[in-house]
**Student:** 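The structure's right below; bear with me while I get my questions together.
This one's a predicted model, so the numbers in the text were calculated from it and none came from an experiment. Sequence lines set the chain letters: A, B, ... in the order given, protein chains first and strands last, and positions in each chain run from 1.
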2 protein chains.
Amino acid sequence: MRGALPPRPTSRDVAERAGVSQATVSLVLRDRWHGRVSPARAEAVRAAARELGYRPNVAARTLRLGRSRTALVVVPALTNEFFARVHAGAVRVAAGDDVGVVLYTSPLETGPARDPFASAGATLDGVLASSMAAEALAVLSGEGLPLVMLDSEPGAGAAATVNPDIAAGMRLVARHLLSLGHRRFAHVAADVDSWTFRERARVLAAELAAVRGARLVGTRRAPIGVADGVLAAERALTAAERPTALVCDDDMLAVGAYKAARRLGLRVPDDVSVTGFDDLTVATAVEPELTTVRLPGEELGAAGMRALLAALRGESPGTTVLPVELVRRGSTAVPPGPAAPGTRE
Amino acid sequence: MRGALPPRPTSRDVAERAGVSQATVSLVLRDRWHGRVSPARAEAVRAAARELGYRPNVAARTLRLGRSRTALVVVPALTNEFFARVHAGAVRVAAGDDVGVVLYTSPLETGPARDPFASAGATLDGVLASSMAAEALAVLSGEGLPLVMLDSEPGAGAAATVNPDIAAGMRLVARHLLSLGHRRFAHVAADVDSWTFRERARVLAAELAAVRGARLVGTRRAPIGVADGVLAAERALTAAERPTALVCDDDMLAVGAYKAARRLGLRVPDDVSVTGFDDLTVATAVEPELTTVRLPGEELGAAGMRALLAALRGESPGTTVLPVELVRRGSTAVPPGPAAPGTRE
DNA sequence: CTGAAAGCGCTTACAG
DNA sequence: CTGAAAGCGCTTACAG
C-alpha cells in the first residue's frame, strides 16, 4: 500500500553511517550496550540514527522477538462514554510500560462479534475485554492469549478479573431510596445479557426483599440509550401500580426516564425519583442533576491493564474489586403523598 | 511477554499436515491459487489450516510484504462522542477493505503530542487525523506516510482533506438567530487552536457584520467541557451589554451555557437563546432540547478512510466537503423585550 | 501444477 | 569490546 515514498532507513543504514555492525546498532538502540559497547561508539550510533531519522521496523522486531508489546482492548462500543474512559485508562497504563494498544469494538448492535483477531492487524500479547456478553467471551478465551476481563463474572476462564463493586453500588442506591421512604420501585434495566446487569438486578431484588413493604412493581428492559429509555420508563410509569422511584441501570436510561416523566407531567424528584449508574457527563448536564453510582471507568481500564501486564510477566493477579460511590444529586427525594420517611439516613 | 502457551502453528505445520510445500499453503490461503494449485490440494490445505486453527503471523507477513494493511487513526480524545463517531466510521470502512485500524488519541490536555508512531506497535500504511491543532500536524506529515486530514485546513500538506461544511453550519446558525430577531450575540468559543474553530469564529463575525445593527458583544473562550462552558457563559451573560443569543462552538459548551443561565435566573429560550455544534446525545438529553448543527461524525470518518484507501491505491482524492444540517429544537426563540423579529425566515 | 530458495529487518547467541 | 551469522514466519520470483 505504500507508494513511491523515500525508502525508510534500516539498522543496516545506521550501522554503515556510524561505521559499526548491525549488532552494535541494535544493542545501543535497545539500551543493552553498557559494558559491551564503548561509549564513543554508542554515541556515534545514536547520532547516526538521529540524523537518518531511523525508526526500528516493528514488524521485524515482533517477528524476531515473538512478542509485540501490544495488547488488544475489546469494548462493546466507544460511543459510550464509559468505555471511552476504560480505554483511556488502559492506554495510559500500557503507554507507561511501553506497550501499545489495539482497540476492537465488538459490534454489539450488529449481531455476533466478528473475529477480533482478524481485524487486529498486529500480533498480540494479551487481551483486555470489558463487559462482554457471554458468547463473546468464548471467542476471546479460545485464542489462548492471556486474558483479563473487566466488569465481568469473576473466574470465567480469565487470567484475572477487575470489577467495579457493582453489588455495593446497587446496594447504595436501594438503601438511599429506601431511607428516603420509597417502597414502590421500578427497575429500568439494560437489555444486555451480561454479568454486570444481572448483578444489578439481583442486588436490587435482594435489597427490596429485605425491607417489609418494599417492592419491585415492575422491570422494564431497554437497549442502552435515551430513546429506548423513554419508552421503558413510560411503560413503568403508566403501569397499574405507579412506582415512586425509577432505578435505572445506566445514566442514558435515566435521562430517558426524565423525558418520560416530563411527557407524563411528572416532576423529578417531586413526583418520581430517578437514579442512574456510571456518572457520565450527561448526569450533570440534565436538570435536576442525576443521583447516580459513579463507576471508576478510567481506573477500571488502568487496573485491568496493570493486571494484564502482571499476567504477561507470569504473575497471577487474581480478582480485583474497585470501590464505587453513590453521588447524591437532585433527582432523588422523599416520595410524594402521605408517606413519611421510614428510616432516617 | 507470551508465557508457556501452546506454540502457534505456522504455515510450515499446515504444509506438513496437508502434504504440500509452504509455498502452496501461502498461495491457497491468500486465494492466489487458481490455475496454479489443483482444487484437491487447495481443499487439503484449507482443511489442514482449519484443523490446526492456523492463523498467519501478521508480523512476518508485514515484514515480507512491506505493508501492513493497517491505518493509524488520530483523534484528540475518544471521551468526546464526536470523535468516537469519527473513529467508528473509519473502522467500518477500513474493515470492509480488510484494513485494520490502530487508534492514537493525541493527549490534547496533557501537553504536546507524544510521538504517535512510537506507540503504534504496528507498521502503518497511512494516517487519518482529525481536528488536530496546528503543531500536531507537523509530526504527522513529517513521517512521510500518506495522510488524510479531517475537519482541518484544506491543502495543508495532506494527500486529502475531508471536512464537514463548517462555514455553512455557522452560517445557518447565524441566519437562524438573526431571522428570529437577535442582534446582540456572544460567542462561547472553544479554546482550541485549530482550523475548525477559527472557521466558526470567522463566519460568525462575517454574518453579523452583514446585518445592520447586529453585533458580537463578546467572545469567551473555554476548553470544551460543561464546567468551563458554565464559567464562560456566565461571564458572557453578566457583561455590561447582555447578549440575547449565545452561540456555542460545541454542544458541551452549550450545556454549560444552560447551567449558567439557570444560575443567573435566566430561562432558555425565553430570556436567552443558545445554540451548539455537533448534535451529540446530550443535545436531546437536556431541556429544552438544543438547537445545534449536526456534524456527520460517522460519515466524516468513513469518507476520510475512503480517501485514505484511495490515496494508498495511488489516487489523489483531493478535498471533500460534507453537508451539515441545522437541527432546530427548543433552545432558540424570538429574543425578549420590545424587539420584533427583523427578517422572516 | 509444484517445490526449493531467497530475503523482508531485526536481535541474539556465538566466536573472536 | 566487536562482528559475522542464523533465524523469526511469511511470500514470491524462479526453476522444474
**Student:** Work out which heavy atom in A:V45 is nearest to a heavy atom in A:V25; give both atom names and the distance.
**Tutor:** CG1-CA, 3.9 Å
**Student:** Between A:V37 and A:Q22, which is nearer to the 5' end of DNA chain D once each is assigned its nearest nucleotide?
**Tutor:** A:V37
**Student:** In whole Å, what is the span from the CG atom of B:D13 to the P atom of D:dG9?
**Tutor:** 9 Å
**Student:** Please give, in whole Å, the distance from D:dC10 C1' to B:R55 CZ?
**Tutor:** 16 Å
**Student:** Please answer whether the main-chain N or O of A:A94 pairs with a side-chain N or O of A:D97 as donor and acceptor at a distance below 3.5 Å.
**Tutor:** no
**Student:** Find the distance B:N57:CG to C:dC8:P and express it as a whole number of Å.
**Tutor:** 18 Å
**Student:** Among D:dT11, C:dT11, D:dG3, which nucleotide sits nearest the side chain of A:T24?
**Tutor:** D:dG3
**Student:** For B:L65 and C:dG7, give me the distance from atom CG to atom C1', rounded to whole Å.
**Tutor:** 13 Å
**Student:** With pairs defined as Watson-Crick or G-U wobble and both distances under 3.5 angstrom, please note down DNA chain D as a dot-bracket string, | for pairing with another strand.
**Tutor:** |||.||||||||.|||
**Student:** Where the side chain of A:P56 is defined as all heavy atoms beyond and including C-beta, which of D:dT12, D:dG3, C:dC10 is the nearest nucleotide?
**Tutor:** C:dC10
**Student:** Quick one: B:R64 CZ to C:dC10 C1', roughly how many Å, whole number?
**Tutor:** 16 Å
**Student:** Which nucleotide sits closest to the side chain of A:R36: C:dC1, D:dG7, D:dT2?
**Tutor:** D:dT2
**Student:** Looking at side-chain heavy atoms only, is the closest gap between A:L295 and A:L300 below 4.5 Å?
**Tutor:** no
**Student:** By nearest heavy atom, map B:R41 and B:L63 onto DNA chain C; which one lands nearer the 5' end?
**Tutor:** B:R41
**Student:** Using only side-chain N and O atoms of B:S11, determine if any of them is under 4.0 Å from OP1 or OP2 of D:dC10.
**Tutor:** yes
**Student:** Which atom names give the shortest non-hydrogen contact between B:Y54 and B:L29, and what distance separates them?
**Tutor:** CE2-CD2, 3.5 Å
**Student:** Using the side-chain heavy atoms of A:A23, tell me which of these nucleotides is nearest: D:dA4, D:dT11, C:dC10.
**Tutor:** D:dA4
**Student:** If I take atom CZ in residue B:R61 and atom C1' in nucleotide D:dG9, what distance separates them, rounded to the nearest angstrom?
**Tutor:** 11 Å
**Student:** Does A:R67 have a side-chain nitrogen or oxygen under 4.0 Å from the phosphate oxygens OP1 or OP2 of D:dC8?
**Tutor:** no
**Student:** When you measure from the side chain of A:S26, which nucleotide among C:dG3, C:dT11, D:dG3 comes out closest?
**Tutor:** C:dT11
**Student:** Quick one: A:R12 CZ to C:dG7 C1', roughly how many Å, whole number?
**Tutor:** 11 Å
**Student:** Round to a whole Å and report the spacing from CG of A:L27 to P of D:dA4.
**Tutor:** 15 Å
**Student:** Does A:R46 pair with A:E51 as a salt bridge, N-O distance under 4.0 Å?
**Tutor:** no
**Student:** Can a salt bridge be assigned to the pair A:E298 and A:R92 using a cut-off of 4.0 Å between side-chain N and carboxylate O?
**Tutor:** yes
**Student:** So, A:D151 side chain and A:S131 main chain: donor-acceptor pair closer than 3.5 Å or not?
**Tutor:** no
